[in-house]
Amino acid sequence: MCGKLIVATSNEELPGLKLIMEKALSNGVTSLELISGQEAVAMEPVVHCIQALWSPTTGVFDSHMYMQSLLGDAEDNGACLVRECEVLRVDCSPGSSRFLVETSQGVVHCDMFINACGLHAQRLAREGMADIHPVDRVPELHYLKGSYFKYIGAKMPFSRLVYPLPDLATGALGMHATVDLTGAVRFGPDAEWVQEPGDLGVNEDRASFFEREIRRYYPGLPDNSLSPDYAGVRPRLLGPNSKAGRDKRALTDFLVEGPGCHGVAGLVNLYGIESPGLTSSLHIADYVEKLLVDS
């Protein structure tokens with residue numbers, strides 16, 4: 001556990017900091033603390049801010065080991081992971097309420113089907129389930145790419161996570177500083193709307209944009225201290241030209257729809273599950289289970 005600072009670098013950002021605190025309290029998070037800029041600098045000497053939220057319970061962990069552990073638990077309980085197996089179509093088995101799932105490796109029959117395909121969830125629901133699932137229930141999908149640059153200076157600038165205020169235009173968390181398990185620091189993600197989910201290259205020319213954004217809260221960032229690291233693509237329910245009023249479901253962080261929404265018993269669709277979905281995965285699983293049991 002390393003803790004996190006969410007920083008306001010100007011008076012104009014103070015209301016945004018207050019909103020985050022209010023939302024945290026409304027969601028039962030009581031560990032956040034509003035601190036002064038001087039207190040924040042005492043924690044992280046190179047940070048610039050006039051006020052900050054301190055989250056002492058935020059931390060980092062090994063996501064790959066976590067997923068391996070979940071897989072082990074699942075296999076101990078009779079589950080089987082089939083790799084490189086594309087789901088092509090989901091239909092109802094003739095004369096029963098069971099699902100018939102056509103895949104690239106054969107046909108599977110099951111009582112429940114959970115569509116947790118991430119970037120491809122909408123395509124599966126729209127194209128692969130058209131015979132059993134109302135197509136008008138499938139929300140929009142927009143690809144928001146986020147790139148990271150790693151810090152290559154001699155001494156790591158931070159020992160804690162440092163976040164600016166979220167970008168209201170995209171809903172992204174802003175160009176934050178992340179500390180990994182080795183103590184290395186990387187900055188990101190930025191926010192680029194792209195047409196294809198496979199666009200995972202990091203554009204070196206964006207280094208100057210990264211430097212400008214990072215220096216809002218780390219003005220001492222040395223020149224030429226960033227190197228391209230990696231990129232990912234988020235499945236967004238609202239795009240740059242979307243009208244939120246057209247589908248208010250898109251205003252939610254995640255969209256999880258069970259039989260009560262689409263009328264198909266035993267089916268749950270998960271849309272817009274981006275990076276916080278990993279942090280929330282166990283609670284999402286509990287929620288999905290409840291939807292299936294209640295149906």
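Please read all numbers here as calculations on a predicted model, not as lab measurements.
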ask   = Other than L81, what residues sit in its cluster of Ile, Leu, Val, Met, Phe, Trp and Tyr side chains whose heavy atoms are under 4.5 Å apart, directly or through others?
value = L71
request  = Mark yes or no for whether N27, through its side chain, and V29, through its backbone, hold a donor-acceptor pair below 3.5 Å.
outcome  = no
Sequence neighbours excluded - ring pair (Phe, Tyr, Trp, His ring centres under 6.0 Å) pairs with any residue from residues 15-61 = F61-Y66
query = Do you know the tightest heavy-atom contact between M21 and L34?
reply = CE-N, 3.7 Å
inquiry  = Atom CG of residue position D73 - does it have more than 12 heavy atoms of other residues, nucleotides or ligands inside 6.0 Å?
reply    = yes
query = Is L119 isolated, or which residues cluster with it under the ILVMFWY side-chain rule of less than 4.5 Å, directly or via members?
reply = L141, Y143, V194, L200, V233
task = For the pair Q105 and T103, evaluate side-chain hydrogen bond (donor to acceptor under 3.5 Å, both in side chains) and give the outcome as yes or no after the intermediate values.
result = CA-CA 5 Å; Q105 295 192 33; T103 79; over 6 Å; no
ask   = Got a second to check how far N11's CG is from E13's CD, nearest 0.5 Å?
value = 10.0 Å
query = Among the clusters formed by ILVMFWY side chains lying less than 4.5 Å apart, do V46 and F210 turn up in the same one?
reply = yes
request  = Name all residues meeting the ring-ring contact (aromatic ring centres under 6.0 Å, His included) criterion together with H142; count only those two or more places apart in sequence or in a different chain, and write none if there are none.
outcome  = none
key: Apart from L124 itself, residues in the same hydrophobic cluster as defined by side-chain heavy atoms under 4.5 Å   = V87, V90, F99, V101, V108, F113, M129, I132, V264, L267
task = Over all heavy atoms of both residues, which pair between A24 and L32 is shortest? Give the atoms and the distance, please.
result = CB-CD1, 3.5 Å
note = Scanning both residues in full, the closest heavy-atom pair of A121 with L270 reads CB-O, 3.4 Å
ask   = Got a donor-acceptor contact below 3.5 angstrom from the E39 side chain to the A52 backbone?
value = no
Heavy-atom pair of closest approach, residues S55 and T58 = OG-OG1, 2.6 Å
query = How many angstroms lie between CG in L291 and SG in C261, if you round to the nearest 0.5 Å?
reply = 7.5 Å
ask   = So does E204 have more than 12 non-hydrogen atoms from other groups sitting under 6.0 Å from CD?
value = no
message = So which atom in V268 and which in G258 form the shortest heavy-atom distance, rounded to 0.1 Å?
response = CG2-CA, 4.2 Å
Residue H64 excluded, over 12 heavy atoms near NE2 under 6.0 Å = no
inquiry  = Check this for me, if you would: do R215 and D223 make a salt bridge, where the nitrogen-to-carboxylate-oxygen distance has to be below 4.0 angstrom?
reply    = yes
message = In this structure, would I20 and I35 fall into the same cluster of hydrophobic residues linked by side-chain contacts under 4.5 Å?
response = yes
inquiry  = Is there a path of hydrophobic side-chain contacts, each under 4.5 Å between heavy atoms of I/L/V/M/F/W/Y residues, joining L14 to L165?
reply    = no
ask   = What distance separates I214 CD1 from F187 CZ, expressed to the nearest 0.5 Å?
value = 4.5 Å
task = Any chance you could lay out the side chain to side chain contact (heavy atoms under 4.5 Å, CB included) test for M112 and I114, step after step, and finish with the verdict?
result = CA-CA 7 Å; M112 299 176 183; I114 301 168; 5.6 Å; no
task = Check step by step if side chain to side chain contact (heavy atoms under 4.5 Å, CB included) holds for V60 and L181.
result = CA-CA 7 Å; V60 295; L181 292 173; 3.9 Å; yes
note = Taken to the nearest 0.5 Å, the spacing of Q195 CD from K145 NZ works out to 12.5 Å
inquiry  = Tell me whether V256 shares a hydrophobic cluster with L282, the cluster being built from Ile, Leu, Val, Met, Phe, Trp, Tyr side chains joined at under 4.5 Å.
reply    = no
ask   = Is there a chain of hydrophobic side chains (I, L, V, M, F, W, Y, each step under 4.5 Å between heavy atoms) that links L70 to I273?
value = no
message = Can a donor-acceptor pair be found, under 3.5 Å and without considering hydrogens, that links the side chain of Q122 to the backbone of Y271?
response = no
inquiry  = With a sphere of 6.0 Å drawn around CD of E75, does it hold more than 12 non-hydrogen atoms of other residues, nucleotides or ligands?
reply    = yes
Reported SG-to-CZ distance for the pair C117 and R123, which is rounded to 0.5 angstrom = 8.5 Å
Show the atom names and distances, to 0.1 Å, of all donor-acceptor pairs under 3.5 Å that link a side chain in residues 147-164 to residues at least two apart or in another chain.
| residue | atom | partner | partner atom | Å |
| --- | --- | --- | --- | --- |
| S159 | OG | E44 | OE2 | 3.1 |
| R160 | NH1 | M43 | O | 2.8 |
| R160 | NH1 | E44 | OE2 | 3.2 |

Backbone of S104 reached by a side-chain donor or acceptor of E84 within 3.5 Å = no
query = Out of curiosity, I284 CD1 to F254 CZ, how far, rounded to the nearest 0.5 Å?
reply = 4.5 Å
request  = Indicate the atoms forming the closest heavy-atom contact of Y217 with M175, along with that distance.
outcome  = OH-O, 2.6 Å
Neighbour count above 12 (heavy atom, 6.0 Å) for E22 CD = yes
key: Test item: N269 side-chain N/O and N115 main-chain N/O as donor-acceptor pair under 3.5 Å   = no
key: Test side chain to side chain contact (heavy atoms under 4.5 Å, CB included) applied to V7 and L17, I50, V47, the passing residue   = V47
